Student: 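Once you've had a glance at the structure underneath, I'll fire off some questions.
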Amino acid sequence: MAQKLKIRDLTLRDGQQSSFATRMTQAQIDRVLPFYKDANFYAMEVWGGAVPDSVMRYLGENPWTRLEKIKAAVGDVSKLTALSRGRNLFGYAPYTDEIIEGFSRNAIESGLGIMRIFDALNDINNVKSTIKFIKKYGGIADCAVCYTVDPKFTTKERIVAFLKGKPLPKAVFTNEYFVSKAKALADLGADMITIKDMSGLIPPSRMAELIPLFKKNVNVPIDFHTHCTPGYGLGAVLTAIIHGVDIVDTNIWNFAGGTGAPAIELIYIFCKKLGVELDVNMEAVAKINAELRSIREELANVDATKQFPNPFNPLTDTLPAEIDALFDKAIAAAKANKEDELLSACHAIEAYFNFPKPNELVKKAEVPGGMYSNMVAQLKALNSMEILENAMHLIPTVRLAAGLPPLVTPTSQIVGAQAVNCAMDIKAGKPMYSNVSNQFFNLVKGEYGKTPVPVDPKFREKITGSPIEQDYDTSKYKMQPNPELPEAGGVKLAENEKEQLLLELFPQVAKTYLTKVKVEAYQAKIGAEAAKKAAAEAEKKAAQAAKVATITGKPIVAPIPGTVLSISVKVGDKVTKGQELLVLEAMKMENSITSDYTGTVKQILCEVGEAVGANVPMFDIEV
């Protein structure tokens with residue numbers, strides 16, 4: 001019987017997130033949905049990840065509406081899938097079972113068929129609740145094992161560590177490690193297992209080992225998810241197919257390659273040559289692709305590469321003989337496990353079609369492309385790009401100190417941001433870890449779960465003040481405030497369970513979005529005159545908030561640009577040097593801002609939710 005391969009299309013979620021900052025509007029998505037109904041993909045990833053945050057933050061749209069509209073258009077032809085971070089869902093802090101259950105139930109009621117559940121630490125305990133609730137409400141639990149690599153240390157670094165009595169660990173992320181995680185997830189009731197390689201770091205030779213091992217040890221379908229960033233993607237997917245993977249994740253041509261997943265059109269050619277059956281309607285895929293070309297042109301200002309692949313339709317275009325031969329060469333090399341020959345052929349194929357070249361920096365550094373770009377953005381904001389190389393060099397050291405977390409969202413951002421902080425400490429002549437983000441603090445403390453290797457208790461005490469590992473206590477979780485909005489006629493900020501969930505999962509973003517929606521609805525209801533009065537009042541409040549009184553004491557300024565998350569003091573409070581005054585969010589990290597002086601809080605010049613620039617006064621301390 002011929003081998004069959006299922007395809008999960010990522011175009012409308014991971015595809016647009018990887019290359020176009022998740023900026024597709026509902027109107028743009030609506031243009032391709034009629035063709036998706038005919039495409040017959042096994043599954044379509046359309047939700048989760050950055051989608052709920054981005055559609056509210058940048059597009060002013062409702063995330064639940066997006067999922068419901070796609071379901072209404074596609075029906076049951078393809079299973080709709082989403083991505084979530086286990087008990088963290090979309091944020092950093094773990095949520096209570098009540099919230100996880102409500103989220104799971106509402107997602108399935110809104111049209112979700114499959115939830116891909118992963119934990120950044122591969123901590124099995126962190127995915128148990130989501131698996132339970134997704135299955136309880138009739139969904140499919142797709143449990144992901146996050147692929148990562150061991151940090152690279154030089155022989156000299158290993159010798160020095162050994163002589164200091166702290167030998168560096170041997171390989172942790174072995175085949176046995178990944179198989180053990182897959183077996184544990186299957187035992188919990190996973191309906192399928194995904195090898196999730198969000199960084200594109202898994203080479204074809206490793207896939208030739210892992211797929212047979214997964215197929216042998218777990219009795220559920222195996223999916224493979226990867227990216228093309230460092231140049232392994234296409235060859236790794238081909239190798240996975242040859243070794244019997246059940247499902248692969250792909251993008252459609254104009255959203256494929258580069259930072260995204262391989263193109264379905266290239267996988268189609270390989271499958272035809274291999275005699276592997278695909279149930280995908282490639283004529284419908286071509287229609288989707290034609291519309292995606294126009295949509296990509298509309299997204300030019302957020303296009304990460306601005307490099308379009310050459311137009312191609314595998315149903316109607318004939319490949320030149322030398323390019324067709326490259327596909328045969330790649331297949332032969334994959335079957336013989338000749339990785340260099342396989343990658344050479346795949347890179348030549350991608351070059352012919354004008355897909356982006358492999359990112360050699362990401363390949364060499366073995367870090368996710370998004371982690372690298374976040375570090376660059378952080379250093380640009382700090383006007384310190386000259387220390388990028390040092391920050392990159394510190395990643396293995398920082399990662400090991402934190403328990404060797406896999407470099408996957410959000411731990412990749414936490415480790416990357418802390419490596420930048422440590423590089424800045426060195427630049428300023430301070431000891432490393434003088435500046436620690438709240439997320440790194442919580443990671444080392446143990447609030448995110450069990451790390452692959454234990455954190456040294458002495459290091460934990462240095463960072464957190466206690467050598468004892470402490471898990472997050474969800475019994476202390478406080479629901480987000482849900483006030484009435486006078487400016488919207490007194491309605492509640494969140495008027496139903498779905499809005500309340502948005503408020504819990506995305507507090508600042510959802511508050512801004514829901515307030516705007518409620519105010520606009522109220523203004524439409526009360527008419528132009530009342531709306532004008534409300535706008536004038538809002539303008540007056542904004543003008544008052546923007547006033548900064550004359551500072552007569554010692555100013556405390558924002559060290560970096562960010563958003564004020566909380567303020568710990570009030571006017572008239574006595575404060576001591578080093579006391580926390582507020583928490584500032586910058587680059588998704590929470591930074592504790594402390595007083596440089598002992599004195600009295602004379603003025604507070606900012607408010608919660610306010611975006612402040614670097615060196616902007618936030619407090620006036622009377623010394």
Side-chain angles (χ1 to χ4, degrees), residues 92-93 378 381-382 384 401-402 414 417-418 420-447 455 457-470 472-473 476 478 481 507-508 545-623:
Y92 290 124
Q378 188 179 359
L382 296 169
S384 297
I414 295 173
Q418 189 55 51
V420 168
N421 285 346
C422 288
M424 291 293 292
D425 290 338
I426 293 170
K427 178 184 176 182
K430 299 178 181 178
M432 283 176 54
Y433 304 106
S434 294
N435 182 17
V436 173
S437 74
N438 286 0
Q439 279 74 23
F440 188 78
F441 179 100
N442 291 336
L443 174 63
V444 172
K445 183 179 179 182
E447 290 198 353
V455 173
K458 290 182 179 179
F459 181 76
R460 181 181 290 116
E461 186 172 19
K462 173 183 176 179
I463 299 300
T464 70
S466 170
I468 301 171
E469 183 178 17
Q470 300 175 59
Y472 187 86
D473 184 1
K476 297 179 180 178
K478 293 183 179 180
Q508 293 296 327
K547 292 180 180 178
V548 177
T550 303
I551 296 174
T552 58
K554 298 288 187 180
I556 302 295
V557 301
I560 54 176
T563 301
V564 178
L565 285 185
S566 63
I567 298 175
S568 309
V569 297
K570 60 184 182 296
V571 172
D573 281 357
K574 303 289 186 182
V575 295
T576 58
K577 184 177 181 180
Q579 180 178 337
E580 180 179 283
L581 301 179
L582 60 70
V583 176
L584 190 68
E585 181 193 52
M587 303 301 296
K588 296 186 178 180
M589 296 295 109
E590 295 176 10
N591 300 277
S592 177
I593 306 303
T594 60
S595 178
D596 295 331
Y597 314 97
T598 295
T600 303
V601 180
K602 187 174 182 182
Q603 297 181 83
I604 299 176
L605 307 172
C606 58
E607 60 185 25
V608 173
E610 181 180 349
V612 296
N615 299 315
V616 171
M618 298 187 295
F619 294 88
D620 183 4
I621 307 296
E622 190 174 60
V623 178

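Note that the structure is a prediction, hence the values are computed from the model and not measured.
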Student: Compare all side-chain heavy atoms of Asp596 with those of Phe619 and state whether any distance is below 4.5 angstrom.
Tutor: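 No, too far: nothing below the 4.5 Å cut-off.
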Student: Lys554: what forms a side-chain contact (heavy atoms from CB on, under 4.5 Å) with it, not counting sequence neighbours?
Tutor: Tyr597, Val623
Student: Assess the side chains of Thr600 and Lys574: does a donor N or O sit below 3.5 Å from an acceptor N or O?
Tutor: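 Looking only at side-chain atoms, Lys574 and Thr600 do form a donor-acceptor pair, the distance falling under 3.5 Å.
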Student: Does NZ belonging to Lys427 count more than 12 external heavy atoms closer than 6.0 Å?
Tutor: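 For Lys427, atom NZ is crowded (more than 12 foreign heavy atoms under 6.0 Å).
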Student: Give a yes or no answer on whether the side chain of Asp425 reaches the backbone of Ser434 with a donor-acceptor pair at less than 3.5 Å.
Tutor: yes
Student: Would you please name every residue forming a side-chain contact (heavy atoms from CB on, under 4.5 Å) with Glu461, sequence neighbours left out?
Tutor: Pro467
Student: Are Gln579 and Val569 packed together at the side-chain level, in the sense that at least one heavy-atom pair is separated by less than 4.5 angstrom?
Tutor: yes
Student: Listed by chain and number, what are the side-chain contact (heavy atoms from CB on, under 4.5 Å) partners of Met618, not counting sequence neighbours?
Tutor: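 Ala558, Leu582, Ile593, Cys606, Val612.
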Student: Can you pull out every side-chain hydrogen bond (donor to acceptor under 3.5 Å, both in side chains) where at least one residue sits in residues 612-623? Sequence neighbours excluded, please.
Tutor: Gln603-Asp620
Student: I would like to know whether Val601 and Ile621 meet side chain to side chain contact (heavy atoms under 4.5 Å, CB included); could you show each step before the answer?
Tutor: CA-CA 5 Å; Val601 180; Ile621 307 296; 4.1 Å; yes
Student: So which pairs with a foot in residues 431-447 pass salt bridge (charged side-chain N to carboxylate O under 4.0 Å, His left out), sequence neighbours left out?
Tutor: Lys445-Glu447
Student: Please lay out, stage by stage, how Leu382 and Val420 fare under the test side chain to side chain contact (heavy atoms under 4.5 Å, CB included).
Tutor: CA-CA 10 Å; Leu382 296 169; Val420 168; 4.2 Å; yes
Student: Any heavy-atom pair between the side chains of Val444 and Val436 that's under 4.5 Å?
Tutor: no
Student: Looking only at non-hydrogen atoms, find the nearest pair between Ala401 and Val455 and report the distance.
Tutor: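 Heavy atoms of Ala401 and Val455 come nearest at O-CG1, 3.6 Å.
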Student: Sequence neighbours left out, what passes ring-ring contact (aromatic ring centres under 6.0 Å, His included) with Phe440? Give chain and number order.
Tutor: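 For Phe440, the residues satisfying ring-ring contact (aromatic ring centres under 6.0 Å, His included) (neighbours in sequence not counted) are Tyr433.
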